[in-house]
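Not measured: the values here are computed from a predicted model. Just so we're on the same page: letters track the sequence lines, and every chain starts at 1.
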4 protein chains.
Amino acid sequence: MTEYRYGACLPTFASCADRYCLSGYGGGADTVEGMLDLAASVPKLSGIELVGNWHINDENMEQMKEAVRERGLQICMLTPDLWTQAKWGRGSLAAPDAETRRAAVREVQKVMDWAADVGCQYVDVWPGQDGYDYYFQSDYQAAWKWLVEGIRACADHRDDVMVLVEYKPKEPRTHIYVSHVGKTLLLINEVDRRNVSVLLDLGHASQGGENPAETIALLQRPGVRELTYVHFNDNWHAWDDDMMVGSVHQAELLEVMYWLLRTDYDGWLTLDIFPYREDGVRAASESIAWIEGMKATIERVGLEAIGELVSRADATEVSRFLRGCFLK
Amino acid sequence: MTEYRYGACLPTFASCADRYCLSGYGGGADTVEGMLDLAASVPKLSGIELVGNWHINDENMEQMKEAVRERGLQICMLTPDLWTQAKWGRGSLAAPDAETRRAAVREVQKVMDWAADVGCQYVDVWPGQDGYDYYFQSDYQAAWKWLVEGIRACADHRDDVMVLVEYKPKEPRTHIYVSHVGKTLLLINEVDRRNVSVLLDLGHASQGGENPAETIALLQRPGVRELTYVHFNDNWHAWDDDMMVGSVHQAELLEVMYWLLRTDYDGWLTLDIFPYREDGVRAASESIAWIEGMKATIERVGLEAIGELVSRADATEVSRFLRGCFLK
Amino acid sequence: MTEYRYGACLPTFASCADRYCLSGYGGGADTVEGMLDLAASVPKLSGIELVGNWHINDENMEQMKEAVRERGLQICMLTPDLWTQAKWGRGSLAAPDAETRRAAVREVQKVMDWAADVGCQYVDVWPGQDGYDYYFQSDYQAAWKWLVEGIRACADHRDDVMVLVEYKPKEPRTHIYVSHVGKTLLLINEVDRRNVSVLLDLGHASQGGENPAETIALLQRPGVRELTYVHFNDNWHAWDDDMMVGSVHQAELLEVMYWLLRTDYDGWLTLDIFPYREDGVRAASESIAWIEGMKATIERVGLEAIGELVSRADATEVSRFLRGCFLK
Amino acid sequence: MTEYRYGACLPTFASCADRYCLSGYGGGADTVEGMLDLAASVPKLSGIELVGNWHINDENMEQMKEAVRERGLQICMLTPDLWTQAKWGRGSLAAPDAETRRAAVREVQKVMDWAADVGCQYVDVWPGQDGYDYYFQSDYQAAWKWLVEGIRACADHRDDVMVLVEYKPKEPRTHIYVSHVGKTLLLINEVDRRNVSVLLDLGHASQGGENPAETIALLQRPGVRELTYVHFNDNWHAWDDDMMVGSVHQAELLEVMYWLLRTDYDGWLTLDIFPYREDGVRAASESIAWIEGMKATIERVGLEAIGELVSRADATEVSRFLRGCFLK
């Protein structure tokens, strides 16, 4: 029986805002400490993911470290701020402006130092502002080169912290350069550093038309093994709705769990949900319960039996299998 | 316990073609009689839907009537051919050419006579060729007027057969006029005939961004009750993939069954699937098994309990409810 | 030569936020007065649209009235706040909670009084929070009934101000009830009040898979004439990106202008753009220049000639026509 | 002044079928010779692309060679049949069945021999049937391995013909393995053969959410140069509608031409359109006229000036530039 470690992004326990309701819809905690209190109350949750500027900064670093520890939690990920401030609006690692690019590299490097300090293995580099909104608004070749160089400069800063690249097709830009799994693997191949790998956000994959299970299989090919961290959430396949896990696509989640188990994934399973109008503790608890339930279903049927099913590529047999899983 | 009547479109049991593989992918029957034999072997299936030109025509009408009867089946729907021949390529009821529009009305009227003759209550008017592919290619106001007039002329032909309007956002045109549920209700309100109502294809609704359960609720409002017939299938929410029921969206199907039961829908549940690469009998059997399984799940929990859940509008409670339905 | 009146939503001139960068990306004005100064500097812009809570409220009402007037502008639209505060998070006119529904009606009525006071003919009722995010999270039939009753109660408050219903398929909810043009017309038909009509946001239509020109034609049918106000913007057809007009879909804008001119639309042409990373004055100026340029193109070719083209429904002729418009 | 060579896929001049109207909508030629006659009448068209089984086969090979030559045309591409027959329905190069995989490799190798024989440099390997429709229907890791091995076996057959891999996200499968540009580059990197490169279909890219200009830039990076052949068409960004070039997205086409010119692309510009309801000769002629018109526009403004615009990444300047290009 595989035992997974569960984490959550801290905004799960905040009042989540959107562009219309900037105050957020209420219900979460107002302070980071309050958010951590809520996190600590979620069954099976042991990791917490902090975002630079939003939750952690030069001033409160030591204090946060302690606040997490005293609640029995662990920082499973530190995310350098490359997207929460106006200064990154036109890009970070691949900004047209050279000084901004350098600042972005320094930001990541600083957070890598923090990570080493708090015993966190990873930083999440999500170049969400690195893209464009309009035709003719980007020199795509220059941008790609800057991405490769920037990530390499981060990786070279220190090799005891892994730089995980997170991809997403759009939002906040209408087009983000690091958009799909293929481009991401291409990118890290070109960066060519041992401590650079991939963070897969399931909802980012499905927003971009990928079937997340296929993506996991691709990342976890023998000899490749580039899946180092996973963000869990669900959406309606058109936008990064950051909904509770299991809420929209049940069979998709089941197949995700199958491939994680089959490929011996042993990293964190971290919730990246935005419970705008929901209670964060209940939303997180439900999400973990769905993952655990799906995992139990896979384990009950058995990896071998499912492997045989998959190898037969017969859709009606799959249908019968799914009925057996989901219907009483 | 509600007992539903199940039907299927005949191509379920044929070799389904697409634009690349015009011969179809094999596996179905070559003759209409062969297709009916297959249909007759599907558990719980009693109705069969025939499409003009493809399956039924002036020559074989009597013969088909007998072929269906002797297999213990029933014709649950006759679909006038407004889309299988080149002559309808630029439109049928709303074609720019007046003679084509008249021919389309005559086609529907003829099939209404057939329907009365075989004891089938409905004809399915799907104006799938009535639309446009390019900007500036349609006089939308004229087209709408022609649709209203054409459907009215059909309805006025005889009042003992119902004219059911089926909507779809696209394919075979990139834009079909009768695209969403709202426009369809608007249209039949303007047609203003007692024997005109709506055929809902669940996949057409979801292809167009509708949540089918909401659509059913809208059509079945007290005093409106315009849902007369339902086509079942599943898809990936971007195209009319005509996949097996229950295969992609489990919770969606569960909510569909809830609203059908809650609103006392008592019409046919007809499979409109294209099992391109699957065995048609197994694909149909699986589809019905999913519907029955979902219905049993709703009945086990109870309409009243779910009604209370729904009225609370609490997503985390919904999550718990769905876990209870789908996980063991 | 038709002369159009141009308006703009005030956030055009603010620093636009999204859910990641809550401070906005900078560049706009910090105060409403500053935004009005910027608006006043845009060529051909004479109208300004204000949103309750964001720009206008019980305290600053008189002051805003004067601030607009002294800059030679006019309030072309007042938008009741049904979506900028946490209290509307679970709905406004169709909230599950009865008291919230009543508060929403009162909010609209209050803004109708303001409108009458400032000589503005319209209020924009956008029930953007009225919808749902998850399956089983809504009693759709109750919600529809509440929408009808709520809008009727608004309309009955006073008949010298028009209540314009704005539809949108999603965001901030994953599903908004008033989602497409057909449902909107259905809704206002059921509301059945002379002073209720439609506000069309072109980007909301295209986000929902509608071709905006067809939508305009449908709304402006002879005897219907329900298009009273238009919001202009562009997007990538999958999300309400609120981009500059003309930036992504040129032929689409040309066809929009054709149908506005052909159907003698004489209402406001109001920009509803979110220039997150652009200078608001330049973004608005460009948008108006595109609209004017497209209008001039239509007028140069002539409505009659285009009408003949459209009636021939020949895509290759359309292609030649568009080349003549867009290529030198 | 760059002079491009234009080609067309032969179905441009046939009667194009879809899954509803299997006879096609009429208007094209019935025989391959008739199609070639039509092709020969299109201004500036010199290349023709033939598909195995549909147009060319073991029997008519010599005859086709002569038929093309005597009309002053050239075979610019031969496409092995991996998708027009039922035998490929469950896959070709990556079929679960080993014998089918071997047959697919042999098919490609045979067509490579034909290509060498007729002086055509390329074969188009489009593994459109290699994918899946349902969850749990594929062993993704095995499939990827088979793709790599299969394409390598093709490439190793002879090195004087290039194997071009064409990607597409979906259709005829709901999920095709080789779906996006990133995965395609990853694949050919793993195949690691000098005579394997990429065929970009602009519509396949945009169907998958890519901005084709960015894709071209990525493929044409200095030191990479993997864009060897381009298919032109337009669509509504959600499906491979195979529409006339320039008909929906004008600015997109302009940016495509900019990047082709900027990166000194000198391969074929081949139309891959399905003029279902249009005259093929006029549809092809219009498409080439659009490409030429856009090219002329870029050349008039100048690569250098546009390069400066692009490097400034300013959306309002782009807007002004586009107005200058498209409005009079």
(message) Would you compute the distance between atom CG of A/Asp279 and atom CD of B/Glu317 and round it to the nearest 0.5 angstrom?
(response) 11.5 Å
(request) Side chain from CB out, backbone as N, CA, C, O: work out which of these in A/Ser319 comes under 4.5 Å of a heavy atom of chain B, or both, or neither. (result) both
(message) Does any part of the side chain of B/Leu327, heavy atoms only, come nearer than 4.5 Å to the side chain of A/Met294, both counted from C-beta?
(response) yes
(request) Using the side-chain contact (heavy atoms from CB on, under 4.5 Å) rule, take B/Glu278 and A/Asp314 through it: C-alpha gap first, then chi angles, then the decisive distance, then the call. (result) CA-CA 8 Å; B/Glu278 288 75 43; A/Asp314 181 318; 5.7 Å; no
(message) Heavy-atom cut-off 4.5 Å, strictly under: side chain, backbone, both or neither for A/Arg300 against chain B?
(response) side chain
(message) For A/Ser247 versus B/Ala251, what's the shortest heavy-atom pair and its separation?
(response) O-CB, 4.4 Å
(request) Measure up the A/Phe326 and B/Trp290 rings against each other and bin them: parallel (under 30°), tilted (30 to 60°), perpendicular (over 60°). (result) tilted
(request) Kindly check if the number of other-residue, nucleotide or ligand heavy atoms within 6.0 Å of CZ (B/Arg320) is above 12? (result) no
(message) Looking only at heavy atoms and a cut-off of under 4.5 Å, which of A/Arg323, A/Lys328, A/Arg282 has the most pairs with chain B?
(response) A/Arg323
(request) Check whether B/Ala238 gets within reach of chain A through its side chain, its backbone, both or neither, counting any heavy atom under 4.5 Å. (result) neither
(message) Using a 4.5 angstrom heavy-atom cutoff, name the option from B/Thr297, B/Thr316, B/Val245 with the most pairs to chain A.
(response) B/Thr316
(message) Between A/Ala296, A/Ala289, A/Ser285, A/Ala283, who has the most heavy-atom pairs with chain B when the cutoff is under 4.5 Å?
(response) A/Ala289
(message) How long is the straight-line distance from NE2 of A/His249 back to NE2 of B/His249, given to the nearest 0.5 Å?
(response) 3.5 Å
(message) Counting only non-hydrogen atoms closer than 4.5 Å, does A/Gln250 touch chain B with its backbone (N, CA, C, O), its side chain (CB onward), both, or neither?
(response) both
(request) Examine whether an atom of A/Met243 lies under 4.5 Å from a heavy atom of chain B, and if so say whether it belongs to the side chain, the backbone or both; otherwise answer neither. (result) neither
